[in-house]
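Here, residue 1 is the first one in the sequence, and each next residue gets the next number.
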Amino acid sequence: MANSYKDHPELRFELNHPMMKRIVELKERNFRDKDAFDYAPQDFADAMDSYDRVLEVVGDITANIIGENAESVDLEGPHHEGNRVRYASGTTANMQAMVCAGMNGMTMPRRYGGLNFAMTPYTMCAEIVASKDAGFSNIWSLQDCVETLYEFGSEDQHQRFIPRVCAGETMSMDLTEPDAGSDLQSVMLKATYDEKEDCWRLNGVKRFITNGDADIHLVLARSEEGTTDGRGLSMFIYDKRQGGVNVRRIENKLGIHGSPTCELVYKNAKAELCGSTRLGLIKYVMALMNGARLGIAAQSVGISQAAYDEGLAYAQDREQFGKKIIEMPAVYDMLARIKAKLDAGRALLYQCSRYVDIYKALDDIARERKLEADEKQEQKKFARLADALTPLAKGMNSEYCNQNTYDALQIHGGSGFMLDYPIQRYYRDARITSIYEGTTQLQVVAAIRYVTNGTYLSMIREWEQAEVSDALKPLQAQAVKLADRYEQAVARVKEAANQSYQDLCARHLVEMAGELIMLHLLLHNATQAPELFLKSARVYARFVASNVAAHSTFVESLSAGDVLDYQA
């Protein structure tokens with residue numbers, strides 16, 4: 001029987017990374033739950049076995065339920081009925097399967113009904129689900145909004161809301177508005193305090209809200225009258241049981257049809273403050289968005305995996321000119337590049353998730369006791385690393401996802417343009433990944449400071465010292481020379497001291513950094529498991545060499561005065 005986890009050994013390889021020892025140690029707090037919960041692990045091996053078994057369950061559900069329902073969900077889509085959303089019948093079946101298997105609230109503490117999983121195996125579950133139905137992954141994966149509620153909400157809010165999410169209730173994050181998309185500081189949904197009822201009231205409109213008729217919403221609203229910037233915004237919890245929010249419409253989208261994207265009307269809706277006022281955008285939404293961006297990176301990798309699977313299967317089956325098309329260089333070149341970018345992007349995704357695991361676990365420990373000096377240092381180190389890699393993981397993987405589905409559809413030829421093959425659905429679903437939860441251009445804005453302050457270069461230079469197999473040493477030496485070109489390009493931009501010039505070069509610099517980092521991660525993986533990654537490492541090294549040459553040539557050939565050529 002098919003299994004979307006077991007069928008891809010690259011996932012188990014990433015799960016068994018040496019950093020997981022420290023992650024489990026921090027997450028389980030010396031396995032203190034083992035006597036209180038019968039499903040809590042007894043030791044490290046038991047915890048890893050638990051992760052593996054749950055991933056197998058998710059892989060089974062994904063391959064045999066979610067995957068089987070995906071086409072019908074894409075065709076049916078959600079329904080707008082009486083100011084509410086009714087999911088497609090296949091989506092409801094998917095939800096029931098995941099809830100019955102206990103796959104909700106995965107990262108939440110066991111005292112609230114969660115599994116107390118680390119972020120890395122949860123992110124793998126998100127990738128697996130997305131590999132069969134990216135629309136459903138948007139509904140199921142939004143449970144990770146509860147991370148923000150757990151991090152910033154009160155204990156009373158924890159007790160009332162987190163067990164509901166762990167039991168299967170859905171969540172949404174209500175951020176964007178008709179006049180506030182990427183520019184969230186322009187949010188104008190009004191929050192006023194009702195002294196008589198001792199609650200907050202929300203009034204206004206939210207737009208493009210994924211899973212907008214969810215049970216529990218995190219809402220960004222303007223609580224400070226007379227303000228127009230981010231300092232006047234706060235985060236609120238809205239409970240659908242309280243009423244006051246209607247779904248005005250469900251958007252008619254190019255892809256992710258199973259996921260209802262809603263326009264919401266708030267009419268004196270009762271809500272409660274999450275955390276403190278005035279920190280909604282500058283603190284809470286930033287945390288929320290970092291989690292969401294990791295989730296979209298996982299979704300992107302899942303779609304890339306699906307694209308590779310579909311392209312490979314079609315190429316192995318299709319005959320032209322008396323032979324299978326997979327034997328044709330034009331086709332196996334595309335397949336090799338898809339696989340290389342998939343393996344590289346996945347390596348970046350899970351390196352980032354492991355960094356997130358360590359700093360978040362230490363943050364959680366800090367809520368219980370004072371961190372030791374070495375723990376504080378560790379927390380700061382991994383928070384910085386996670387912050388640096390998150391925009392790369394989201395930006396690079398979403399772009400690769402679009403490229404990979406494009407190439408996989410091309411392999412199908414005319415058949416790929418027909419609705420009879422699932423590749424067209426993956427192609428349509430892929431397009432949103434580089435747009436929502438921060439466009440690729442915004443990921444560049446988030447990442448460029450790590451280019452100019454040397455963080456990425458330091459990572460690259462450190463990984464250049466890593467031991468690799470003899471077969472890969474020539475590629476490692478090549479990577480060093482590519483990093484030299486990257487360093488020279490960065491220096492040229494910094495020396496120009498011209499903001500417009502830097503902005504124009506930013507994406508080129510960020511992509512060079514991202515691909516060099518992924519190359520080193522892939523060299524490491526190919527050293528550890530050449531049977532899985534050696535071919536991809538070689539193909540990806542050639543791909544990176546050509547891209548670094550193109551990007552560095554652009555930067556080197558451009559001067560600050562040339563910026564005018566690009567302006568409308």
Lys27 and Asp33: CA distance, side-chain angles, deciding distance, salt bridge (Lys or Arg N to Asp or Glu O under 4.0 Å) verdict: CA-CA 11 Å; Lys27 191 70 178 176; Asp33 282 355; over 6 Å; no
Say whether, by atom type as modelled, one donor and one acceptor occur between the side chain of [X] and the main chain of [Y] under 3.5 angstrom.
X	Y	result
His8	Ser4	yes
Ser259	Asn138	no
Ser50	Asp46	no
Ser137	Ala134	yes
Asn16	Arg12	yes
Asn453	Arg449	yes
Asn69	Ile65	yes
Asp407	Met334	no

From CA spacing to verdict: side-chain contact (heavy atoms from CB on, under 4.5 Å), Ser172, Leu218: CA-CA 6 Å; Ser172 71; Leu218 295 181; over 6 Å; no
Residue pairs involving residues 456-485 (criterion ring pair (Phe, Tyr, Trp, His ring centres under 6.0 Å); sequence neighbours excluded): Tyr450-Tyr456
Tell me whether [X] at atom [atom1] has more than 12 heavy atoms from other residues, nucleotides or ligands lying less than 6.0 Å away.
X	atom1	result
Glu368	CD	yes
Asn30	CG	no
Tyr427	OH	no
Glu462	CD	no
Tyr406	OH	no
Arg431	CZ	no
Gln377	CD	no
Arg367	CZ	yes

Full working for side-chain contact (heavy atoms from CB on, under 4.5 Å) between Ser141 and Tyr122: CA-CA 9 Å; Ser141 297; Tyr122 165 71; 3.9 Å; yes
Aromatic plane relationship, [Y] with [X] - under 30° parallel, 30 to 60° tilted, over 60° perpendicular:
X	Y	result
Phe382	Tyr355	tilted
Tyr112	Tyr150	perpendicular
Tyr51	Phe117	perpendicular

Pi-cation contact, Tyr359 with Arg384 (under 6.0 Å, within 45°): no
Steps toward side-chain contact (heavy atoms from CB on, under 4.5 Å) verdict (Lys360, Glu151): CA-CA 9 Å; Lys360 275 190 170 291; Glu151 187 172 353; 3.3 Å; yes
Kindly compute the distance separating [atom1] ([X]) from [atom2] ([Y]), expressed to the nearest 0.5 Å.
X	Y	atom1	atom2	answer
Leu335	Leu312	CG	CG	6.0 Å
Lys394	Gln299	NZ	CD	9.5 Å
Ile358	Lys381	CD1	NZ	8.0 Å
Ile411	Glu310	CD1	CD	11.0 Å
Arg110	Asn116	CZ	CG	4.5 Å
Leu26	Gln379	CG	CD	11.0 Å

Donor-acceptor side-chain pairing of [X] and [Y] below 3.5 angstrom:
X	Y	result
Ser304	Asn404	yes
Asn525	Glu14	yes
Ser353	Thr123	no
Asn64	Asp60	yes
Gln488	Asp484	no
Gln403	Glu399	no

Do [Y] and [X] meet the salt-bridge criterion of a basic N to acidic O distance under 4.0 Å?
X	Y	result
Lys21	Glu25	no
Glu375	Lys380	no
Glu28	Lys34	no

Grab the two heavy atoms, one from [X] and one from [Y], that are nearest each other, plus how far apart they are.
X	Y	answer
Met106	Gln143	N-OE1, 3.4 Å
Ala430	Asn402	O-ND2, 3.2 Å
Ala479	Glu464	O-OE2, 4.2 Å
Val356	Leu294	CG2-CD2, 4.5 Å
Arg461	Ala483	NH1-CB, 3.4 Å
Met95	Thr170	CE-CG2, 3.6 Å

Derivation of the salt bridge (Lys or Arg N to Asp or Glu O under 4.0 Å) call for Glu68 and Lys132: CA-CA 9 Å; Glu68 291 299 311; Lys132 293 300 182 183; over 6 Å; no
Check against salt bridge (Lys or Arg N to Asp or Glu O under 4.0 Å), Glu56 and Arg53: CA-CA 5 Å; Glu56 283 194 26; Arg53 288 175 182 271; over 6 Å; no
Stepwise side-chain contact (heavy atoms from CB on, under 4.5 Å) check, Val129 with Val58: CA-CA 8 Å; Val129 171; Val58 173; 4.0 Å; yes
Audit row: Asp357, Arg354, salt bridge (Lys or Arg N to Asp or Glu O under 4.0 Å) steps and yes/no: CA-CA 5 Å; Asp357 265 323; Arg354 289 186 287 264; over 6 Å; no
Flag side-chain contact, heavy atom, 4.5 Å: Asp387 against Asn290: yes
Minimum side-chain heavy-atom gap Arg29-Arg32 below 4.5 Å: yes
Side-chain donor-acceptor contacts of residues 531-542 below 3.5 Å, not counting sequence neighbours, with atom names and distances?
{"from": "Ser536", "atom 1": "OG", "to": "Asp343", "atom 2": "OD2", "distance (Å)": "2.7"}
{"from": "Tyr540", "atom 1": "OH", "to": "Tyr400", "atom 2": "OH", "distance (Å)": "2.8"}
{"from": "Arg542", "atom 1": "NH1", "to": "Arg538", "atom 2": "O", "distance (Å)": "3.4"}

Check: His17 ring centre within less than 6.0 Å of Tyr350 ring centre: no
